[in-house]
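So the structure is just underneath, and the comments pick up after that.
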Amino acid sequence: MTEIKRAFRFALDPTPAQTEILQRYANASRCAFNFAHAFMLAHHHTWHRGRNTLIAAGLDKAEATKRAPRVKMPGRDRAQAFWRDTRGQMFVGPLREGAERTGAYAWWEGVNNRAYYTAFEDAATAWKNYLDSAAGRRAGERVGLPRFKAKGRCRESFRLVHNTKKPEIRFTEPRRLRIPGGGGQPAFTVRLHQRASRLIALIDTGKAVITSVTVARAGHRWYASVLCTVDQAIPDQPTRRQRQAGRIGVDLGVKSLLALTDPLHLTPGTPAATLVGNPRHHDNIARKLARAQRQMARRHVKCARQQSKGFLEARDRVARLQAQLAARRVTGLHLISKRLVQQYSEIALETLNTKGMTRSAKGTVDRPGRNVRAKAGLNRAILDASFRELNRQIEYKARWHGVQVARVPTFFPSSRTCSTCGWTNTTQTLKDRTFHCESCTMILDRDTNAARNIKKHAVPVQ
């Protein structure tokens with residue numbers, strides 16, 4: 001048995017009163033994140049002022065950065081202590097006409113304190129990622145400066161943790177999830193849209209322990225993602241059927257979502273296929289989504305306090321369509337990734353730089369780009385296919401099934417190289433959908449040829 005972290009996502013059916021509680025928790029979490037972010041940003045500005053003073057004195061930027069007075073960035077605990085010291089203080093600024101003087105965060109009561117503390121922790125993590133990336137201590141892409149969460153624009157969510165020895169987050173019934181209360185408010189149970197019998201069975205047998213729950217709103221529905229520590233049996237090697245199937249080469253594309261070297265069974269009752277069509281989820285909903293967005297734009301006014309009921313209805317309609325689009329996309333990817341790791345012992349993939357592939361072609365004023373609209377359409381199609389998400393799902397599911405993942409380098413010419421003799425066509429363009437080898441006269445579909453090259457040249461990832 002191996003202990004892993006695994007999340008179980010459930011749709012919620014809260015009552016109107018419970019919906020108001022969930023909304024208050026989400027607002028409290030957003031406010032706490034912004035509070036901690038502003039507190040840490042003030043310390044960061046203090047360091048900037050010290051460095052700018054040295055630059056004004058004649059030092060260059062690199063030397064001033066080294067000699068600037070060190071400012072210790074506060075973490076979650078310091079932000080939490082500052083919150084406790086200031087949340088009951090009075091506003092000192094002038095009041096609007098008819099307003100009453102209240103505490104700075106008088107509405108914090110009635111919300112579980114852990115909703116604040118997890119938001120402080122998220123802010124501290126965001127700042128640590130930014131500082132580590134700026135100092136070169138973090139691998140991967142450069143992490144930007146954390147941003148405030150704007151009301152009405154950020155995702156409405158909150159996270160709660162508990163003591164696993166005295167669990168407060170638990171299932172009281174197969175379709176009831178207990179969420180702890182706080183601030184004088186009792187705990188409440190929310191009805192689930194589907195049964196949680198599978199997770200409850202793991203908890204009852206001691207194979208799973210709930211560590212936290214993240215409640216978030218997507219469109220018109222609230223979801224609870226229950227994070228558990230699960231004791232899962234991970235095989236040392238694939239099954240005999242998987243070993244007999246061996247390695248499969250996978251080429252990701254836009255015309256066909258997957259081009260495979262070997263057949264893949266996706267759904268029972270349908271024949272195995274080597275080409276998986278691109279569902280193009282965004283194109284299927286684009287007209288309806290554009291119409292809803294135009295309606296929302298017509299009803300929008302600059303002042304958020306003057307937004308009409310019609311605007312809020314239009315905004316909810318857009319959010320519902322976008323949530324529906326995301327659900328359809330991720331459901332299809334989960335099916336494909338699951339079938340791949342179940343049927344083969346090794347999966348050969350490309351190492352794709354999706355961010356570079358979807359970079360705009362508009363260029364600059366001095367050097368404008370060409371075919372900008374066509375490139376923009378290609379970028380939308382690549383992002384809709386979600387290459388990166390599919391790769392991520394395959395990687396973690398492969399570890400669960402004892403399957404090996406192999407990869408070819410980013411700039412490996414899989415589409416231009418003959419999979420039979422190795423001849424390279426240097427003049428091939430994206431319009432050429434069939435590969436013609438001038439050396440061995442092989443004629444093959446471009447994507448299928450790329451999949452064969454990936455299968456042949458991929459190196460196992462350690």
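Treat the numbers as computed from the prediction; the structure is a model and nothing was measured. Computation of the quantities below employed the complete heavy-atom set of this structure, encompassing side-chain atoms and omitting hydrogens, waters and symmetry-equivalent molecules. Position 1 is the first residue of the sequence; numbering continues from there.
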For atom [atom1] of [X], is the number of surrounding heavy atoms from other residues, nucleotides or ligands below 6.0 Å larger than 12?
| X | atom1 | value |
| --- | --- | --- |
| Lys207 | NZ | no |
| Arg315 | CZ | yes |
| Arg370 | CZ | no |
| Arg176 | CZ | yes |
| Lys397 | NZ | yes |

Between the side chain of [X] and the main-chain N/O of [Y], is any donor-acceptor distance below 3.5 Å?
| X | Y | result |
| --- | --- | --- |
| Arg153 | Ala150 | no |
| Thr211 | Leu227 | yes |
| His162 | Ile210 | yes |
| Thr351 | Arg407 | no |

Not counting sequence neighbours, list each pair that qualifies as a side-chain hydrogen bond (donor to acceptor under 3.5 Å, both in side chains) and has a residue in residues 1-14.
->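 Listed once each, the pairs are Lys5-Thr229, Arg6-Gln232, Asp13-Arg191, Asp13-His193, Asp13-Arg221.
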Compute the ring centroids of Phe171 and Phe8, then answer whether they are less than 6.0 Å apart.
->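 Distance test on ring centres: not under 6.0 Å, no.
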Closest approach of His265 to Thr270 (non-hydrogen atoms, all atoms of both residues) =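 Result for this residue pair: ND1-O, 4.1 Å.
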For Cys440 and Thr420, work out which heavy atoms get closest and say how close.
->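 Where Cys440 meets Thr420 most closely, the heavy atoms are SG-CB, 4.1 Å.
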Sequence neighbours excluded, which residues qualify as side chain to side chain donor-acceptor pair (under 3.5 Å) partners of Arg339?
->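 If we apply the side chain to side chain donor-acceptor pair (under 3.5 Å) test to Arg339, skipping adjacent residues, the hits are Gln342.
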Among Val250, Ile248, Leu260, whose side chain to side chain contact (heavy atoms under 4.5 Å, CB included) with Tyr344 holds?
->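 Between Tyr344 and the candidates, side chain to side chain contact (heavy atoms under 4.5 Å, CB included) is satisfied uniquely by Ile248.
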Pick out which of Ile21, Ile179, Leu22, Thr189 makes a side chain to side chain contact (heavy atoms under 4.5 Å, CB included) with Pro14.
->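 That would be Leu22; it is the only one of Ile21, Ile179, Leu22, Thr189 passing the side chain to side chain contact (heavy atoms under 4.5 Å, CB included) with Pro14.
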Would you please classify the geometry between the Phe35 ring and the Phe39 ring as parallel, tilted or perpendicular, with 30° and 60° separating the classes?
->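 Correct class here is parallel.
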Aromatic ring pairing Tyr25/Phe188, orientation class (parallel under 30°, perpendicular over 60°, tilted between) |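 Perpendicular, since the angle between the ring planes exceeds 60°.
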Report, one line per pair, each donor and acceptor closer than 3.5 Å where one atom sits in a side chain of residues 120-127; sequence neighbours left out.
residue: Asp122; atom: OD1; partner: Arg159; partner atom: NH2; Å: 2.6
residue: Thr125; atom: OG1; partner: Glu121; partner atom: O; Å: 2.9
residue: Trp127; atom: NE1; partner: His37; partner atom: ND1; Å: 3.0

Answer yes or no: is there an ion pair linking Arg329 with Asp384, defined by an N-O contact shorter than 4.0 Å?
->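 The answer is yes: the pair qualifies as a salt bridge.
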Do NZ/NE/NH1/NH2 and the carboxylate oxygens of Arg392 and Glu389 come within less than 4.0 Å?
->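 Looking at Arg392 and Glu389, the cut-off is met.
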